[in-house]
Amino acid sequence: MTAVHIPGVPVIEAGRLVSTSPATGVEAGRLPVATDEDVRQAVDRARTAGEWWAALGFTGRRTRMLQWRALLAKRIEQLAELVHVEGGKPVADAIVEIVTAIEHIDWAARNAGRVLGPRRVRSRLILAEFSGHLEYQPHGVVGVIGPWNYPVFTPIGSAAYALAAGNGVVLKPSEYTPVVGQWLVDSFAEVVPEQPVFTAVHGLGDVGAALCRSGVDKLAFTGSTATARKVMAACAETLTPVLIEGGGKDAMIVDSDADLDAAAEACVWGGMTNAGQTCIGIERVYAVDAVFDAFVDKVVARAGQLTVGAEGTDIGPITMPKQIDVIRRHIDAAITSGGRAVLGGPSAVQPPYVHPTVLVDVPEESAAVREETFGPTLTISRVRDADEAVARANALSYGLGGSVFGRRRAVAIARRLRSGMASVNSTLTFAGMSTLPFGGVGDSGFGRIHGEDGLREFGRAKAITRRRARSLLPSMTFERTPTDVARLVKAIKVMYGR
Ligand code: NDP
C-alpha cells in the first residue's frame, strides 16, 4: 500500500524515507531508513575511517576540506535549489545560508592546526624544571543531529569543525531535510573517496536516538530544547559528552538613540527571514517609550511589503506543517490576552503560509512572548528605558542570541543580555562570523560551535609535562626530605603569602 503524501510531511515507503516540498508536494528524494544495527555499523566504519583521517594530519585534512569548500562554492546554485525544494525557503535565503556554511568550512580548515595542534605552554616557578605541552586530539567519532530549518548551515557548524579536528562524523539529518543532508555527505565523499569519514543515517527521531546510543565519542545536537533533554538523557547512559544547540526566543532592544530606519529594517529581516524559522530569529522586541510608536510604524510599513508564496517571494511556506498550529496558537493567545495585531493576525495563517504578523500590547505571560513561535511574527513591547528592556529580555529560560539598536549604551546593553551572542546595530550577524563562537545559555543549550571554541569543542585536551632538569625543590616524590618541605613552605610564603 502506498502512504498518503501531505506536502512537506515525510513518510516511510518500502523502507525509504520520502521527502517532499512543503509548498508543492513535489518529491525531493527518498533515502533508506537506517535500523539500529545500520547506525552502529556506520559509527564503526566512521571510527576506522576517522583514524585514517586523523593520520592525514592538519595539513592533509586542510587540503581536502578546502577542496570540499570549493565544490560547494561551484555548486551553490544546485544546492540552493535543493534546499528550496525540500524545505521551501526562498532560493536567496538558501544562498545566504550556504555562503555562511562555506565560510565556516574555510575557516575551520585553515585554523584547526593553529588552534588544536601541539604547542608548548609556559611553566611557572613551581615545576619550572618541567616543560608543558598541550594539544587537542580528536574524540574519534562525532554524531551530529541536525534540524531542518538550516539544513546546510547547522550540520556544517558542527561537522566542519569536528572534521577539521580529525574526527569521523556520522550525521542524522532531520526527517524533513534528509536529501540535503545526503547531498552534503556525498559531496564530501567526492573529495575524500578513500574512506567513509563523513556519512549520514536517515529516518525519524528513533534513528537520532539510536545514534546517541551507538557508541559515538561525542554527540553534537542542534534542535529543540525538548528533544535536547531526551538526547542528553540517552547520552548520560554511556557518559557520552554532548553539545546542545537548543531553541531560542531572541529579543531585540531598541534604545532611544537608535537609527530607527536601520532598526526596523534589521528587525523585519531578523524576525522574518526563512519565514521566522530561525533559532536566532528575533521574536520579541522591546522598544523604549520615546521611539516606540515611530519604530512600530516603520516595522509595519516594511513587513507589510514582504511577498509570500512558493516561488520568487520573500517568505516561503512553513516547512513543518504541524508548526502552523503553534504559530496560530501564539497569535490567538496574544489577541485573547489583550494584544493587538497591527499587521496580520489570525487571518495571516493560510497553510502552508503565514503572512507577516506584528503584535503589540501583548502581556509578557503570553505564549506569544514566552515560547518559541518559529513563524514570521513579532511582538513589540513598550518599555520605560533600556534597563526595563534588559530585565524583560532576560526573563525567559532561553538565552541564545539577541540584538541591540542604539548608540551610546548599545554595547553595554548587549553585554548585559543573558545570551551566548548579541549583535549591535544588526541582527543575526554573529552566526556568519567564523571567528566567533556560537551557542547559548540556559534552555538554549551549552557548548560552542564556530571559532576557536568551536574547534576545541571537537578535540579533547591532552596535557603532557616533560622533565627538563633535576628538581631543585623536590616535592612530588618520596625522596623529598623534611628540609625540602620546609624550603617549599618558605618559598610559597614568599611567593603567595602577601
Ligand atoms: P527537533 O528537536 O524536533 O529535531 C532535531 C533533530 O533531532 C532532528 O534530526 C530529529 O529527527 C532528531 N530527533 C528527534 N527525536 C530524537 C530523539 N529522541 N533522540 C535523538 N534525536 C532525535 O527540532 P527541529 O528539527 O524541529 O528544529 C527546530 C528547533 O531547532 C528549534 O527549536 C530551533 O530553535 C532549534 N535550532 C537551534 C539552533 C541553534 O544553533 N541553537 C539552530 C537551528 C535550530 P526527526 O526530524 O527525524 O524527528
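Whatever order the structure lists ligands and atoms in, that order sets their numbers, starting from 1. Atoms considered below: every heavy atom in the structure, side chains included; atoms not considered: hydrogens, waters and symmetry mates.
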So which protein heavy atom does [atom] come closest to, and at what separation?
atom: atom 35 (C) of ligand 1; value: G223 O, 3.3 Å
atom: atom 17 (C) of ligand 1; value: G205 O, 3.6 Å
atom: atom 47 (O) of ligand 1; value: E175 OE1, 2.4 Å
atom: atom 38 (C) of ligand 1; value: C279 SG, 3.0 Å
atom: atom 27 (O) of ligand 1; value: P147 CB, 3.2 Å
atom: atom 40 (O) of ligand 1; value: F438 CE2, 3.2 Å

Show the atoms of ligand 1 that are less than 4.0 angstrom away from any heavy atom in [X].
X: T154; result: 42 (C), 43 (C)
X: L204; result: 47 (O)
X: L400; result: 41 (N)
X: A209; result: 19 (N), 20 (C), 21 (N)
X: T222; result: 5 (C), 37 (C), 38 (C), 39 (C), 40 (O), 42 (C), 43 (C)
X: G208; result: 19 (N), 20 (C), 21 (N)
X: W148; result: 24 (P), 25 (O), 26 (O), 27 (O)

Among [options], which residue places a heavy atom closest to [atom]?
atom: atom 29 (C) of ligand 1; options: A228, G247, S224; answer: S224
atom: atom 8 (C) of ligand 1; options: G203, G281, G439, G146; answer: G146
atom: atom 18 (N) of ligand 1; options: K249, K230, H202, M320; answer: K230
atom: atom 1 (P) of ligand 1; options: T227, L211, T177; answer: T227
atom: atom 6 (C) of ligand 1; options: N149, I280, I145, D206; answer: I145

For [X], is at least one N or O under 3.5 Å away from an N or O on ligand 1?
X: K172; result: yes
X: E372; result: yes
X: S174; result: yes

Inset, instruction - With heavy atoms under 4.0 Å as the rule, classify the contact between F221 and ligand 1 as side chain, backbone, both or neither. - result: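 The answer is the side chain of F221.
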Inset, instruction - Select one of side chain, backbone, both or neither to describe which atoms of I449 lie under 4.0 Å from any atom of ligand 1, heavy atoms only. - result: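 Neither part.
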Legend entry - Evaluation steps, salt bridge (charged side-chain N to carboxylate O under 4.0 Å, His left out), between E283 and K249: CA-CA 6 Å; E283 298 215 354; K249 186 75 181 172; 2.7 Å; yes
Legend entry - Check: H450 ring centroid to Y161 ring centroid under 6.0 Å: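 Yes, they do, as the ring centres are separated by less than 6.0 Å.
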Can [X] and [Y] be counted as an ion pair, charged N to O under 4.0 angstrom?
X: R328; Y: D325; answer: yes
X: E37; Y: R40; answer: yes
X: R213; Y: D36; answer: no
X: D106; Y: R110; answer: yes

Legend entry - Exercise: do W107 and T435 side chains pair donor with acceptor under 3.5 Å: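 No, T435 and W107 have no side-chain donor paired with an acceptor closer than 3.5 Å.
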Legend entry - ligand 1 contact by F374, heavy-atom criterion under 4.0 angstrom: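 Flag set, F374 near ligand 1.
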Inset, instruction - Give a yes/no on ligand 1: does G246 have at least one heavy atom closer than 4.0 angstrom to it? - result: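 Distance cut 4.0 Å: G246 passes for ligand 1.
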Spacing of [X] atom [atom1] and [Y] atom [atom2] [to the nearest 0.5 Å]:
X: L71; Y: M65; atom1: CG; atom2: CE; result: 13.0 Å
X: I156; Y: F188; atom1: CD1; atom2: CZ; result: 10.5 Å
X: M421; Y: L436; atom1: CE; atom2: CG; result: 10.0 Å

Legend entry - Pairwise side-chain hydrogen bond (donor to acceptor under 3.5 Å, both in side chains) hits with a residue in residues 167-180, at least two apart: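 Applying side-chain hydrogen bond (donor to acceptor under 3.5 Å, both in side chains) to every pair that reaches into residues 167-180, excluding sequence neighbours, yields nothing.
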Legend entry - Contacts of type salt bridge (charged side-chain N to carboxylate O under 4.0 Å, His left out), residue D93, not counting sequence neighbours: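 D93 satisfies salt bridge (charged side-chain N to carboxylate O under 4.0 Å, His left out) with no other residue.
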Inset, instruction - Please report the closest heavy-atom contact between L400 and G247, naming both atoms and the distance. - result: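 Nearest heavy atoms, L400 then G247: CD2-O, 4.0 Å.
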Legend entry - Parallel, tilted or perpendicular: rings of F198 and W68 (30°, 60°):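 Geometry flag for F198 against W68: perpendicular rings.
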Inset, instruction - Report, as yes or no, whether the 6.0 Å neighbourhood of atom CZ on R415 holds more than 12 heavy atoms from other residues, nucleotides or ligands. - result: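 No, because the 6.0 Å sphere around CZ of R415 holds 12 heavy atoms or fewer from other groups.
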